[in-house]
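All figures in this text were calculated on a predicted structure; none of them were measured in a lab. All values below come from the heavy atoms of this structure, side chains included, with hydrogens, waters and symmetry mates left out.
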Amino acid sequence: MSEARIDKWLWAARIFKTRTIAADACKNGRVAVDGVNVKPSRMVKEGETVSVRKPPVTFSFKILKTIEQRVGAKLLPEIYKNVTPQDQYDLLEMNRISGFVDRARGTGRPTKKDRRAMDAFNEEIYIYDEDL
């Protein structure tokens with residue numbers, strides 16, 4: 001059974017864009033193998049489960065083949081199996097939909113609706129009184 005460094009495997013399996021980013025993720029505790037945080041030099045074997053935290057979601061992958069050389073995207077089904085729970089994808093979808101809805105009132109730039117409300121409030125009102 002072959003082994004590979006976790007940072008190289010994450011890069012080769014196209015989970016991270018560069019090996020440096022993969023190594024930094026390991027150093028910062030965002031990568032775990034079978035539930036244990038790992039260093040970039042940790043050797044991984046086939047059959048182990050890798051969890052990668054990319055806030056707000058934690059992706060999980062079962063290693064089918066250990067590689068250290070980057071392969072084409074079409075070959076990825078041979079390298080790992082995505083075992084991420086559905087609730088993580090639901091969380092990602094909710095986060096994507098919400099967008100700027102969570103913006104606290106009064107922070108940042110006013111929305112178009114806020115600006116129209118301010119314009120309506122500041123608009124001058126002329127009062128015409130016939131008795132004067």
Side-chain angles (χ1 to χ4, degrees):
M1 192 182 272
S2 64
E3 292 184 335
R5 285 177 54 117
I6 185 68
D7 61 340
K8 284 187 178 182
W9 185 84
L10 290 168
W11 166 75
R14 297 178 175 265
I15 294 168
F16 288 103
K17 194 170 187 176
T18 67
R19 184 173 162 201
T20 305
I21 296 170
D24 288 342
C26 293
K27 288 176 190 170
N28 294 328
R30 292 194 304 265
V31 177
V33 175
D34 293 331
V36 179
N37 286 347
V38 294
K39 293 181 179 179
S41 59
R42 163 75 150 73
M43 300 301 273
V44 291
K45 296 179 246 164
E46 296 170 11
E48 291 182 319
T49 302
V50 177
S51 300
V52 180
R53 210 170 75 242
K54 292 185 179 183
V57 180
T58 301
F59 296 98
S60 300
F61 307 99
K62 184 173 177 93
I63 300 174
L64 301 178
K65 187 175 179 183
T66 54
I67 57 170
E68 289 193 347
Q69 294 295 316
R70 201 161 170 104
V71 296
K74 289 183 179 179
L75 299 176
L76 291 182
E78 300 170 12
I79 307 302
Y80 64 81
K81 180 180 180 186
N82 190 346
V83 291
T84 306
Q86 183 60 39
D87 65 328
Q88 293 293 318
Y89 286 111
D90 295 341
L91 182 67
L92 183 66
E93 185 66 19
M94 290 296 288
N95 200 35
R96 188 181 65 79
I97 290 172
S98 67
F100 290 100
V101 173
D102 295 335
R103 180 178 70 87
R105 189 142 182 87
T107 59
R109 187 174 170 180
T111 62
K112 190 181 268 190
K113 183 178 179 181
D114 294 339
R115 184 187 54 79
R116 288 182 179 149
M118 287 187 291
D119 288 347
F121 179 76
N122 292 331
E123 191 175 295
E124 289 185 33
I125 300 172
Y126 296 102
I127 300 173
Y128 180 71
D129 192 356
E130 292 182 17
D131 294 340
L132 294 175

Next on the checklist: Suppose we screen for side-chain contact (heavy atoms from CB on, under 4.5 Å). Which residues come up paired with A12, at least two apart in sequence or across chains?
Outcome noted: I67

Next on the checklist: Taking side-chain hydrogen bond (donor to acceptor under 3.5 Å, both in side chains) as the definition, give me every residue that meets it alongside T49, ordered by chain and number, with sequence neighbours left out.
Outcome noted: none

Next on the checklist: For residues 48-58, which residue pairs pass the salt bridge (Lys or Arg N to Asp or Glu O under 4.0 Å) check, not counting sequence neighbours?
Outcome noted: R42-E48

Next on the checklist: Minimum heavy-atom separation for P40 and A23, please, with both atom names.
Outcome noted: CG-O, 3.6 Å

Checklist entry - How would you list, by chain and number, every residue that makes a side-chain contact (heavy atoms from CB on, under 4.5 Å) with K81, sequence neighbours excluded? => result K62, L64, V83

Checklist entry - Any sub-3.5 Å donor-acceptor pair from Q88's side-chain atoms to T58's backbone N or O? => result yes

Item to check | Partner residues of R70 under the side-chain contact (heavy atoms from CB on, under 4.5 Å) criterion, sequence neighbours left out | outcome: W11, R14

Item to check | By side-chain contact (heavy atoms from CB on, under 4.5 Å) - contacts of P56 (at least two apart) | outcome: L91, N95

Next on the checklist: How close do E68 and R5 get, counting heavy atoms only, and between which atoms?
Outcome noted: OE2-N, 2.9 Å

Item to check | Pairs meeting criterion ring-ring contact (aromatic ring centres under 6.0 Å, His included) with involvement of residues 37-73, two or more places apart | outcome: F61-Y80

Item to check | For R30, side-chain hydrogen bond (donor to acceptor under 3.5 Å, both in side chains) partners two or more places apart | outcome: none

Item to check | Test salt bridge (Lys or Arg N to Asp or Glu O under 4.0 Å) applied to D119 - qualifying residues, sequence neighbours left out | outcome: R115

Next on the checklist: List the residues meeting side-chain hydrogen bond (donor to acceptor under 3.5 Å, both in side chains) with N82, not counting sequence neighbours, and say none if there are none.
Outcome noted: T84, Y89

Checklist entry - What residues, two or more places apart in sequence or in another chain, satisfy side-chain hydrogen bond (donor to acceptor under 3.5 Å, both in side chains) together with D90? => result Q86

Checklist outcome for this item: Tightest non-hydrogen contact, residues G35 and A32, listed as C-CB, 4.1 Å

Next on the checklist: Quick check for you: to the nearest 0.5 Å, what is the distance between K8 atom NZ and T66 atom OG1?
Outcome noted: 12.0 Å

Checklist entry - Are E46 and S2 close enough that some pair of their side-chain heavy atoms sits under 4.5 Å apart? => result yes

Item to check | Pairs where residues 17-26 contributes a residue and the test salt bridge (Lys or Arg N to Asp or Glu O under 4.0 Å) is met, not counting sequence neighbours | outcome: D7-R19

Item to check | Joint cluster assignment, I6 & M43, ILVMFWY side-chain distance < 4.5 Å | outcome: no

